[in-house]
Amino acid sequence: MPYLGSEDAVKELKKALCNPHVQADRLRYRNVIQRVIRHMTQGVDMSGVFMEMVKASATVDIVQKKLVYLYMCTYAPLKPDLALLAINTLCKDCSDPNPMVRGLALRSMCSLRMPGVQEYIQQPILNGLRDKASYVRRVAVLGCAKMHNLHGDSEVDGALVNELYSLLRDQDPIVVVNCLRSLEEILKQEGGVVINKPIAHHLLNRMSKLDQWGQAEVLNFLLRYQPRSEEELFDILNLLDSFLKSSSPSVVMGAAKLFLILAKKFPHVQTDVLMQVKGPLLAACSSESRELCFAALCHVRQILHSLPGHFSSHYKKFFCSYSEPHYIKLQKVEVLCELVNDENVQQVLEELRGYCTDVSADFAQAAILAIGGIARTYTDQCVQILTELLELRQEHITTVVVQTFRDLVWLCPQCTEAVCQALPGCEENIQDSEGKQALIWLLGVHGERIPNAPYVLEDFVENVKSETFPAVKMELLTALLRLFLSRPAECQDMLGRLLHYCIEEEKDMAVRDRGLFYYRLLLAGIDEVKRILCSPKSDPSLGLLEDQAERPVNSWALDFNTLVPVYGKARWATISKCQGAERRGLELPNTASLAASGPLIPEEDKERVQELSDSGALMLVPNLQLTAEYFEKTWLSLQVAHQQVVPWQGAVHPDTLQMALQVVNIQTIAVSRAGAQPWKAYLSAQDDTGCLFLTELLLEPENLEMQISVKQSGARTETLSSFISVLETVIGTIGDIKP
Amino acid sequence: AAAMIGGLFIYNHKGEVLISRVYRDDIGRNAVDAFRVNVIHARQQVRSPVTNIARTSFFHVKRSNIWLAAVTKQNVNAAMVFEFLYKMCDVMAAYFGKISEENIKNNFVLIYELLDEILDFGYPQNSETGALKTFITQQGIKSQTKEEQSQITSQVTGQIGWRREGIKYRRNELFLDVLESVNLLMSPQVCPSPGQVLSAHVSGRVVMKSYLSGMPECKFGMNDKIVIEKQGKGTADETSKSGKQSIAIDDCTFHQCVRLSKFDSERSISFIPPDGEFELMRYRTTKDIILPFRVIPLVREVGRTKLEVKVVIKSNFKPSLLAQKIEVRIPTPLNTSGVQVICMKGKAKYKASENAIVWKIKRMAGMKESQISAEIELLPTNDKKKWARPPISMNFEVPFAPSGLKVRYLKVFEPKLNYSDHDVIKWVRYIGRSGIYETRC
């Protein structure tokens, strides 16, 4: 970050730090050091005063010591040779009579991330493990993990591991928990710390002495313990019972998860536990701590997936208050949608209807979608409410209602009649692409039941020249052709006009090709058209399938109390797979030849891209041909939809990048030669709805970050984020496997 | 790991970094900027308090206009990280009061000291304010006496993590605060039937401040229905006296110092308290709640350009008690052009920027009622959208517990030192505040 005058600030502070008068005045000296830390916090590079700060570490002022150590931990990787000078003071402090000084010095010394520090910290750590003050032991135990991380892939020190295992019996609760954490990191390659029977029982007995962080951690470690017998299992569950009532919601959830996992063969025990945590979860859902409330709601949704009736009698607890934050309201609406049953459906729908006119368009739309979801079971009531909403003649409401209708008639054909009666007049209140597409689709597929369908479509045909969304034109072509089959007399003329326009004047190639295709199809005869276009108009079995997909508790028990319910399973899969790719990337041998013809993207990542497209989230069309001129014109006409930076090191190999992007159907339009400064690349891609993604990659000289700017021709945030995650995966992978 | 935190950042509302502490290598300096760009500077409403940017999770909470963010790349347990952030706020508040930009800037060294102690390598360590006090030295200069040094050693070798040995007070004193927040959602009144309670609950906390010498055993009693019924079997007299006043607690949780086994078997609450302030218990009730105020709204549309609003509030508690800081917020439509207000008590003002009439009353006794009427002039609009009336919300503070909870006793035993329960000075205070208190109209 370029800060004006940051160089002057460094110079001035350096001068002050060297000034003997300042050094003599304890308060002034500390004040100058504070200013250094303040600048450091703001991101100014303060490594220039490292030498002076090392000198300042030799003091009896503990606050000053703490500040200097914090400084050194930040800049030691940049100034390793100078940092070694500080080691002397640190070692001396490690044998100070005051346990606080000993702990502080040891903690800081272990946090210096620089090569060669290991040989200095080994002995102090070993001494620390045997220190009489537990404060120092806590620090030393975690120091072992820090030391191991510094070594990287070095071998595990068996003696040290044994010492840590024996410290699990330490008197101090935090030392015990830190031992678990430290062993977990050191033994990562071997699958983590081993929890055998004696250790498990020892930990269980110590549980009540631990603070909430310790309890949560231990509950997590106990997940990997397998009781030998049923008897032992139930003994353990009895011991854990009281933690289901802990004052800390996360301990409650941790205990619940352990119950669910241990009792995976006893469904009645699982149900019983879920009953027991109902109270605490409901309490968390109505707590003033909003973020906690959010986390609890996510877990309520998770439970509802398996036990839809679990919270039904408490449905009023999930009614939204006006002043609640947006994210809580959205979660509550989802919950309401899932717990609805015969008894409460009336009240729940009444409540949701109130939200549909909320001032926040976003929230109103979420409520409409929720009603659409409930409509799969309680069709008549919901369709009536949705129809009434159309009478408000609000654009943001109408568009979502029509989209809901489209999805609904596909799943519940019995409501088609009602939907068809509600549609006339809607076209006046729809401006966006999604809404128009839905309306046109409905008019095409069910047009024979809607008297004025041809006239509405005619309006769209009249205005096709000024239509901005290619996807709407595509939909219009198909719909009009379908309607032509059932009402030829009214449609023939305008179909001719539309085809003429699409073939002769349309600039979008996909639309033009679609027009040509239908034109040729018509030449093949009307029976052929019918055979191809008249597919089923609904698929009620789909709805049933979704309802029956009730998942057993065991399918999500492992995800309970993690980030999975918070992000949603699909999203978490994307996030964690990327992390997996990252790690694999790092493990690739350095000699891997990049230009080789082997796959650049690990197999799993290809699968991921595949998965994404299967779920319908984002499907990038292959072999998109875009000219540089068209790219430039479009690029200049659009706003940046997303910008972010990803870490990067060194130069870029354009060929490697281009090949990797090709695999995921992202085309390279233009790219700087290797080593150019600044280095730039322009990329383009298009998804199956016709939405374009234009991207600029920018690497500034000396910069360790690649800046990504994406522009999108339609505004669909969900595909934008999937596109970005695809792009990130590729760039992350290439970045990591570079030699 | 359940809660491995890679870094902690504190920002002001402009997105300037006030505090930044990185604990793990996988969190780089660019994370600080990513959060500012993607969350603080984002134009839309926050869609989730957990934001994922480039595979990094940012857990954020906001206190006044300060953002606190915990950052991690691990699959941690969300509730835990938020609890940790709350704890951090509590600890900071215990040192310097309100979490504001000014206080954070002024206590910047102290915060770095705290961050050094409560997390190590990203793992939560000791976070009890009382215990932390030994390690945080704002005086700086090595001024610890031999005695204090031995305290550090003894504190952590002792069996009880939340209390150190050898505490001495000249005057043994304790303060109990019963703090409740009462929440209400009322349905609109559809003439002639009055509005119904859609949902109501009280979430309460018993906060104790103890200044007691030695290792005192405390026993706490309240008018919990189950306890009273249990004892009632013994003495029928007491049941008749207090039976009506006992309350049903839906669920409650305790500070870890409370022996849960004893609570389960005898429903008695006994514990050795931490020194200083701590939260003894947290509970929730949903039955027989005393709703301190009823709000009765009446809205009449006069033509297309005028609204008449009348709101009556009734206080529903003993006449001898006084409610304070009463504020009623009556929303007005977006196209309001002018407002005339008449109120019998307090002051009312139309605040155009907030689209609401705010009516404030300093004090109001129980069993009274007060009324406000307003005429709202509307600009004619072409907007066909009907005004979705937001609910009328209320704020207040009352000197009793809306759940009906009463502290019956708090006994202190310290067998090793020579003071008895009678020598301890005890104070009890009840405060009921409005949580989300809304009446739809």
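Heavy-atom basis, side chains included; hydrogens, waters and symmetry copies ignored.
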Worksheet entry | Atom of B:Cys257, atom of B:Phe278 and distance for their closest heavy-atom approach | SG-CE1, 4.0 Å

So which part of [X] gets closer than 4.5 Å to some heavy atom of chain B, the side chain, the backbone, both or neither?
X        : value
A:Cys320 : backbone
A:Lys257 : neither
A:Gln331 : neither
A:Tyr322 : both
A:Arg571 : side chain

Under 4.5 Å from a heavy atom of chain A, the part of [X] involved:
X        : answer
B:Glu438 : side chain
B:Asp251 : side chain
B:Phe254 : backbone
B:Ser48  : both

Practice prompt. With sequence neighbours left out, write down each residue that passes side chain to side chain donor-acceptor pair (under 3.5 Å) with B:Arg282, or none if nothing qualifies.
Written response: B:Glu279

Item to complete: Please list, chain by chain and in numerical order, all residues satisfying side chain to side chain donor-acceptor pair (under 3.5 Å) with A:Lys245, sequence neighbours excluded.
Response: none

Worksheet entry | Carboxylate-amine/guanidinium contact B:Asp90 B:Lys87, below 4.0 Å | no

Worksheet, complete the sentence: Note: vs chain B, highest number of non-hydrogen pairs under 4.5 angstrom among A:Pro249, A:Gly214, A:Ser242 is A:Pro249

Fill in: Interface residue of largest heavy-atom contact number with chain A, from B:Ser199, B:Ser393, B:Gly28, B:Ser127, under 4.5 Å
B:Ser127

Discussion item. Within a 6.0 Å radius of atom CD on A:Glu288, are there more than 12 heavy atoms belonging to other residues, nucleotides or ligands?
Written reply: yes

Worksheet item: Pick from A:Ser286, A:Ser287, A:Pro280: which one makes a side chain to side chain contact (heavy atoms under 4.5 Å, CB included) with B:Arg284?
Response: A:Ser286

Worksheet item: Does the cation-pi check pass for B:Arg21 over B:Phe9, that is, NZ or CZ under 6.0 Å from the six-membered ring centre and within 45° of its axis?
Response: no

